[in-house]
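Everything below concerns the one structure shown next.
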2 protein chains.
Amino acid sequence: MLEARLEQAQLLKKVVEAIKDLVQDCNFDCNDSGIALQAMDNSHVALVSMTLKAEGFSPYRCDRNIVLGVNLTSLMKVLRAAQNEDILTLKAEDAPDSLNLVFESSSNDRISEYDLKLMDIDQEHLGIPETEYASTIAMPSAEFRRICNDLNAVSESVTIEASKEGVKFSCNGDIGNGSVTLRQHTDVEKPDTNIEIELTEPVSLTFSLKYLTNFCKASGLSTQVKICLSNEVPLLVEYNLSGSSFLRFYLAPKIGDEE
Amino acid sequence: MLEARLEQAQLLKKVVEAIKDLVQDCNFDCNDSGIALQAMDNSHVALVSMTLKAEGFSPYRCDRNIVLGVNLTSLMKVLRAAQNEDILTLKAEDAPDSLNLVFESSSNDRISEYDLKLMDIDQEHLGIPETEYASTIAMPSAEFRRICNDLNAVSESVTIEASKEGVKFSCNGDIGNGSVTLRQHTDVEKPDTNIEIELTEPVSLTFSLKYLTNFCKASGLSTQVKICLSNEVPLLVEYNLSGSSFLRFYLAPKIGDEE
DNA sequence: GTGGCTATGT
DNA sequence: ACATAGCCAC
C-alpha cells in the first residue's frame, strides 16, 4: 500500500494546476523511491515528467509498485479543498480503485477526507533520453513567465537563441515584433535573481508560446527555472522542487515553415 | 407611515443579495417592532425568514402595520446604488404603492433617492414552528461556506452527521466522495473561530448543496453561523445580525432515494 | 505593502 | 471553468 504524507498540500495542488491543461488523465507511478508521472499532451507535442521523491514526504511508505490512474480535473476539484497550511496524506491500496486524500488543518480541528475514483489508463511508455544540452539557461521563473506572456501578446511562437553574449527571446507577429535579451548575471546576495548561461555551442530554436505559457503556470513551485536547449531536440523546462523532486516539461521545436 | 434609518445601507444590501436567488417577490411586513420577511423559494423546499428589529434602526417609526410587496431583483438594482458607508432611510406611506429609499453619504455631501414601485403579493402565511433541535452547531460562517463549496465540487448533496465526536459533512459523487469533520474548538481569544456543538441526540440528515451554497451568500453578514438539526425536520441555518435581528434559512432534508 | 480569498464576468 | 479585479487580513 501507499501512504505518503506531504507537509504542504499546496505543493501537489500547484503541480496539478500546472499540468492539468496539458494532460487530462494520467498515471501516477508509485514505488519505494517516490511518486512519478510522465505524460504527453493530447497533440503529442509536449511531455510532462514529474517526480516527487520519497524524501519529500514524511513519512513515505510504498511497499510495491502502485499505479494510480487519475483524471486530473477531478483531482484538481479535490485539491481545491486544501487550505493553505493543510497537511495532505495520500493513501492507496495495492490494487486500488480509489485514491484516498486526507487534509488535516495544522490546528488539527478539521479533517477533510476524499476518495477519488481511479481509472485504467493505457500506459504508453515514454522513454525520455538523457541528453547533453548545447545550452542551459537558469533564470528566475517569474522572469521567464513574464517574457513568455509578453511575447505571447505579439506572436504565437518565440525563437530562443543562446550565444556567448547571452540569451535572446524574439518573435514576429502581425502587429510587429518583439525581443527580450538577457545576459549572465550573478548576485551572491540574491541567488534567486541569477541568470546563468552555460553554452557548449550556440543554439537557435523556435517554440510555440501557447505551450511555454502553459508550462509557466508552474512558476510558483520554484523561484528558478532551467531551460535546456540543443538544436533539433525538444526543449526542456525544469522546475526543481525541494529535495531533488522536479517538474519537467519537454517541447518539440517548430521547424522550417512552421515558425 | 414607515420611516426607518439604517446606519449601514450595506446590511440590507447583503441581506437582499443573499435571498434574491431564492425568492423573486416577497412582502416586507413592517410594524412597530421592526421589519420582517418570510418567503418560500419557488420549489417550496427552502424558506427564508428575516427580521430586522426596530432597535437596529435609528430612528425607527412605524405607526401601524404596513406591507411592502417588493420585487427583490428591482430592490437589488436600487440597493446597488448604495456606497459602502452610505446611510439608508426607508420610507413608505400607510397604504403605499411605492417604497422610498434615500442614501446619504456619511460625509453628507451626496443624497440619492429612489422610489421603488410596490406590488400586491399573495401572502401565504407561513407558520414556522418553534423547534427544539437535536443538535446545534455554531461555527465560523466562512468555514461553513468553504465546506459547502468544496463538497459541491464532488456531489449535489451533503450528509450532515452530528455526534458527540463532532460534526461530519460527507458526500458521494461520480468522481469519488468527500468528507469534512470538525470537532469542538473554543478559543476565548478568537471567539469568531469557535466551533461549538450542542447535542441531545445524534442526527444524520442529507441536504441539497445547491441550496446550502446559496444560503452561504449570507456569510458576509455574520462571522458565525448556527446550524440546527433534528431528524426529519428542516435544517435551520441562522445568521445573527446586530441587535437580535437575524436571517434564517430553512431547508427540508432529502429523504430515501433522493440522497 | 503584500498575499490570500472571494466574487464576478468571459 | 478560468482569469481578473476588488477586498480584507497580516
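In what follows, every heavy atom counts, from backbone to side chain, and hydrogens, waters and symmetry copies are set aside. In what follows, every chain begins at residue 1, and chains take the letters A, B, ... in the order their sequences are listed. Note that the coordinates shown come from a computational prediction; the quantities given were computed from them, not determined experimentally.
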Task: salt bridge (Lys or Arg N to Asp or Glu O under 4.0 Å) partners of A:D86, counting only residues at least two apart - done: A:R110
Task: Selection residues 173-191 of chain B - residue pairs positive for salt bridge (charged side-chain N to carboxylate O under 4.0 Å, His left out), sequence neighbours left out - done: none
Open item on the list: Applying side-chain contact (heavy atoms from CB on, under 4.5 Å), can you list everything that pairs with B:N152, at least two apart in sequence or on another chain?
Closed with: B:L209, B:T213
Open item on the list: Holding to side-chain contact (heavy atoms from CB on, under 4.5 Å), I want the full list of residues that pass it with A:D115, two or more places apart in sequence or in another chain.
Closed with: A:S98, A:N100, B:N177
Open item on the list: Centroid separation under 6.0 Å, is that true for the rings of B:F215 and B:F144?
Closed with: no
TODO: Give a yes/no answer on whether the side chain of A:R80 brings an N or O atom under 4.0 Å of OP1 or OP2 in D:dC2.
DONE: yes
Take the protein atom [atom1] of [X] and the nucleotide atom [atom2] of [N], then report the distance between them rounded to whole Å.
| X | N | atom1 | atom2 | answer |
| --- | --- | --- | --- | --- |
| B:I147 | C:dC5 | CD1 | P | 16 Å |
| A:Q10 | C:dG3 | CD | P | 13 Å |
| A:K210 | D:dC2 | NZ | P | 15 Å |
| A:K14 | C:dG3 | NZ | C1' | 11 Å |
| A:E85 | C:dG3 | CD | P | 15 Å |
| A:I19 | D:dC2 | CD1 | C1' | 18 Å |
| B:N152 | C:dT6 | CG | C1' | 16 Å |
| A:L79 | D:dC2 | CG | P | 13 Å |

- [ ] Remember a base hit wins even if backbone is also touched, and classify B:R146 as base, sugar-phosphate or nothing at under 4.0 Å, heavy atoms.
- [x] nothing
Atom pairs, protein N/O to nucleotides 3-6 of chain D N/O, distance under 3.5 Å:
none

TODO: Could you tell me whether A:D21 atom CG has more than 12 heavy atoms of other residues or ligands within 6.0 Å of it?
DONE: yes
TODO: Among D:dA1, C:dT6, C:dT8, find the nucleotide with the atom closest to the side chain of A:K77.
DONE: D:dA1
Task: Nearest to side-chain heavy atoms of A:N84, which nucleotide of C:dA7, C:dT8, C:dC5 - done: C:dC5
Quiz: residues 71-78 of chain B side-chain donor-acceptor pairs under 3.5 angstrom, not counting sequence neighbours:
residue	atom	partner	partner atom	Å
B:N71	OD1	B:T73	N	3.0
B:N71	OD1	B:S74	N	2.8
B:N71	OD1	B:S74	OG	3.0
B:N71	ND2	B:D25	OD1	2.8

